[in-house]
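Computed from a predicted model, the values in this text were never measured in an experiment. The figures that follow rest on heavy atoms only: side chains count, while hydrogens, waters and symmetry mates do not.
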Amino acid sequence: MDIKEQIGKILEKVKKDDSFKEQFEKEPIKAVENVLGIDLPDEVIEQVINGVKAKLSVDTISQVADAIKKIF
């Protein structure tokens with residue numbers, strides 16, 4: 001299983017689907033398993049969840065930086 005591919009899949013779903021984003025924030029393991037359609041070991045699920053959260057944080061920081069650049 002390609003972890004990066006799964007992170008990308010979950011990330012796209014989080015960005016496009018507000019109800020999924022809400023579920024991911026409340027119950028990330030259940031949300032990821034539902035999208036992937038398979039039951040994975042917790043350590044694999046945690047890697048996917050951490051990857052998605054990291055990417056979301058980077059995207060948010062990038063958006064804030066872009067907004068600040070526009071001000072100045």
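- In this structure, CG on L11 lies 6.5 Å from NZ on K55, to the nearest 0.5 angstrom.
- Of the inter-residue distances, the one linking Q6 atom CD with I45 atom CD1 reads 9.0 Å to the nearest 0.5 angstrom.
- The salt bridge (Lys or Arg N to Asp or Glu O under 4.0 Å) check on K15 picks up D59, with sequence neighbours excluded.
- K53 places a side-chain heavy atom less than 4.5 Å from the side chain of I49.
- Residues Q23 and N34 meet the side-chain proximity criterion, which asks for heavy atoms closer than 4.5 Å.
- For E22, the salt bridge (Lys or Arg N to Asp or Glu O under 4.0 Å) partners are K26, not counting sequence neighbours.
- Looking at I29 and E46, their side chains come closer than 4.5 Å, going by heavy atoms from C-beta outward.
- Screening residues 34-45 for salt bridge (charged side-chain N to carboxylate O under 4.0 Å, His left out), with sequence neighbours left out, gives no hits.
- Annotation: side chain of I10 is in contact with side chain of L36 (closest heavy-atom distance under 4.5 Å).
- V35 has its side chain out of reach of F24: every pair of non-hydrogen atoms, C-beta onward, lies at least 4.5 Å apart.
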